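This is a predicted model, so every value here is computed, not measured. Note that the numbering runs from 1 along the sequence shown for the chain.
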Amino acid sequence: PVTGGERVPVGVLADQIEAQSQTTKQRIGKLADLLERSGIDVDDVGRVDKIKVWQGFLKDADGQAQTVDMAGIVLTPHWADGPAWPVIQPARPIKMPPSKVKPAVVDGWERCVVLPDIQVGYFRGPGDELVPTHDEAALAIALAIVRSVRPSLIVLVGDNADFPEFGKYRLSPAYARTTQATIDRLALLCAELRTAAGPECRIVWLAGNHEERLPNYVLDNAVAAFGLRRGGVPESWPVLSMPHLCGFDDHGVEYVPGYPAGSCWINERIRVVHGDKVASGGSTAHKYLATEKTSVIYGHIHRIEYAERTREDHDGPRTMMAASPGCLARTDGAVPSTKGGIDLDGRPVVRHEDWQQGCAVVEYEPGDGRFTYEQVAIRNGWARYRGKEFAA
């Protein structure tokens, strides 16, 4: 070894290194002692901003000056910047096997599958495990029906994310830190739908009031970030939006924002909305029939409803229908609602809502053509449609 241009014996260098190491250990030990004397727990230290160690003089009991080690430390506690919440990230790209499914068109009639309120979300169980508020069994049935029907169009009516962390109601800790899992599951749902329906099927996702929780939360708490896009990509989705976070473009999913104004026309006689009307006793359908000029399929209420009304027009009678396919969420109180409750740990207690699970299949002629509406009821992970049973 050479230092300063002179050769130093290996043994001498080793002694010097050992002496420096011992000095460092002594100083660290003194710092630890200082923290202990000051009543500071090492676990409370977030970062060490500055350390200064020097030697000073102190008179002993006999008045003689003694050399003593001095130390000064500037610390920042780990809780100074608030709780360490995980940063929400866009879902990772999902690769699915290529699908060769093609839409089934019979005598010019096409098919549409309507998927109502899925309420994807989670709460944390006793072991901190994620427990879904959506019903995976009901969702599996819906995907199986998509594969069987081979539609030209899929419409998700909205409220497919629950987003309790962005809501205006009191939040139980059990529902905290679940947004990332929700985003990841919705991204997987987009991939599953594309695989089940094939590359030619049009998939339309309507924003419901729960999807609108996300932009509303940004507006209320970080307005400067509202509409923020990636640099150099001005035509992209805002980075704090459902399409960007869940990878809609990766799977060809169309997003219709602007609840409650957004809608999707199946043909010129029937359209799908998320809906903003609620009535008791199964009469929400009549509210739509009293105001709509065409037939309508709606969500929001989580109940299965169907009603028709015939009015006379200049060219004769015209019959309209209004229907709600139900929901694909759990109906046992897991979804936070005004009628639900929580236990002393903040987890939902069982309380069966007046909700019904299901989806709908519409066969239609494009343009100003005819259509038929078929309700598919899902009960306990089971359904029967056109003579075929579906079980999760």
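The two residues Met321 and Ser295 come nearest to each other via the heavy atoms N-OG, 3.0 Å. Between Leu143 and Ala196, the shortest heavy-atom contact is O-CB, 4.2 Å. When all heavy atoms are compared, the tightest approach of Cys201 to Pro103 is N-CG, 4.5 Å.
Surrounding CD of Glu136 are more than 12 heavy atoms belonging to other residues, nucleotides or ligands, all under 6.0 Å away. Around atom CZ of Arg92, no more than 12 heavy atoms belonging to other residues, nucleotides or ligands sit under 6.0 Å away. Within 6.0 Å of the CG atom in Asp107, the count of heavy atoms belonging to other residues, nucleotides or ligands does not exceed 12. Around CG of Asp276, the count of heavy atoms belonging to other residues, nucleotides or ligands within 6.0 Å exceeds 12.
Exactly one residue among Arg351, His352, Glu353 makes a side-chain contact (heavy atoms from CB on, under 4.5 Å) with Asp332. That residue is His352.
Ionic pairing of Glu192 and Arg185 is present here: one or more N-O contacts between side-chain nitrogen and carboxylate oxygen are shorter than 4.0 angstrom.
Using a 4.5 Å cut-off on side-chain heavy atoms (C-beta onward), Asp368 and Asn267 make no contact. Side-chain atoms of Leu328 and Asp117, non-hydrogen and from C-beta on, never get closer than 4.5 Å to each other. Looking only at side-chain heavy atoms (C-beta outward), Lys59 and Gln66 stay at 4.5 Å or farther from each other. Contact of the Tyr122 side chain with the Val131 side chain is not registered, since no non-hydrogen atoms from C-beta on lie closer than 4.5 Å. The side-chain heavy atoms of Gln357 and Thr331, taken from C-beta on, include a pair separated by under 4.5 Å. Side-chain contact between Asp162 and Val120 is absent, with no heavy-atom pair separated by less than 4.5 Å. Within the 4.5 Å cutoff, no side-chain heavy atoms of Ile118 are placed close to those of Cys327. Using a 4.5 Å heavy-atom threshold, the side chains of Val204 and Leu153 count as touching.
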**Request:** Might you work through the side-chain hydrogen bond (donor to acceptor under 3.5 Å, both in side chains) test for Tyr385 and Glu374, ending with a clear yes or no?
**Result:** CA-CA 9 Å; Tyr385 172 69; Glu374 297 176 89; 3.3 Å; yes

**Request:** Apply the test salt bridge (charged side-chain N to carboxylate O under 4.0 Å, His left out) to residues Arg311 and Asp313: give CA-CA distance (whole Å), side-chain angles for both, the deciding distance (0.1 Å), then the verdict.
**Result:** CA-CA 6 Å; Arg311 291 188 177 92; Asp313 206 342; over 6 Å; no

**Request:** Walk me through it: do Leu206 and Leu156 pass the test side-chain contact (heavy atoms from CB on, under 4.5 Å)?
**Result:** CA-CA 6 Å; Leu206 302 179; Leu156 297 96; over 6 Å; no

**Request:** Tell me, with the steps shown, if Lys102 and Glu200 meet salt bridge (charged side-chain N to carboxylate O under 4.0 Å, His left out).
**Result:** CA-CA 6 Å; Lys102 292 185 178 294; Glu200 299 178 21; 2.8 Å; yes

**Request:** Could you give me the CA-CA distance, side-chain angles and deciding distance for Ser263 and Val272, then say whether side-chain contact (heavy atoms from CB on, under 4.5 Å) is met?
**Result:** CA-CA 6 Å; Ser263 67; Val272 183; over 6 Å; no

**Asked** Run the side-chain contact (heavy atoms from CB on, under 4.5 Å) check on Thr294 and Val296 step by step: do they pass?
**Response** CA-CA 6 Å; Thr294 60; Val296 61; 5.7 Å; no

**Message:** For Val218 and Val223: C-alpha separation, side-chain torsions, deciding distance, then whether side-chain contact (heavy atoms from CB on, under 4.5 Å) applies.
**Reply:** CA-CA 6 Å; Val218 176; Val223 67; over 6 Å; no

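For Lys277 and Tyr298, the positive end is not near the middle of the six-membered ring at less than 6.0 Å and at most 45° from its axis.
Taking CD1 of Ile266 as the reference point, atom CZ of Arg111 lies at 14.0 Å (rounded to 0.5 Å). To the nearest 0.5 angstrom, Ile141 atom CD1 is 10.0 Å from Glu389 atom CD. We find the CD1-CG distance between Ile94 and Asp250 to be 8.5 Å, quoted to the nearest 0.5 Å.
Relative orientation of the Phe123 and Tyr175 rings is tilted, given thresholds of 30° and 60° on the angle between their planes. Relative orientation of the Trp205 and Phe248 rings is tilted, given thresholds of 30° and 60° on the angle between their planes.
Proximity of a side-chain donor or acceptor of Glu211 to a complementary backbone N or O of Gly208 within less than 3.5 Å is detected. In this structure, Thr133 contributes its side chain and Gln119 its backbone to a donor-acceptor pair below 3.5 Å. Within the 3.5 Å criterion, the main-chain N or O of Arg177 finds a donor-acceptor partner in the side chain of Glu165. Looking at Asp159, its side chain never comes within 3.5 Å of a backbone N or O of His300 through a donor-acceptor pair. Thr182 places a side-chain N or O within donor-acceptor distance of the main-chain N or O of Thr178, the cut-off being under 3.5 Å.
Aromatic ring centres of His210 and Phe163 lie farther apart than the 6.0 Å criterion allows.
The stretch residues 216-242 participates, sequence neighbours left out, in these side chain to side chain donor-acceptor pair (under 3.5 Å) pairs: Trp237-Asp249.
When only modelled atom types and interatomic distance are considered, Tyr364 and Glu110 share a side-chain donor-acceptor pair under 3.5 Å. Judged by distance alone, the side chains of Thr310 and Thr319 do bring a donor and an acceptor atom under 3.5 Å apart. Defined by atom type and a distance below 3.5 Å, a donor-acceptor pair is missing between the side-chain atoms of Glu363 and Tyr373.
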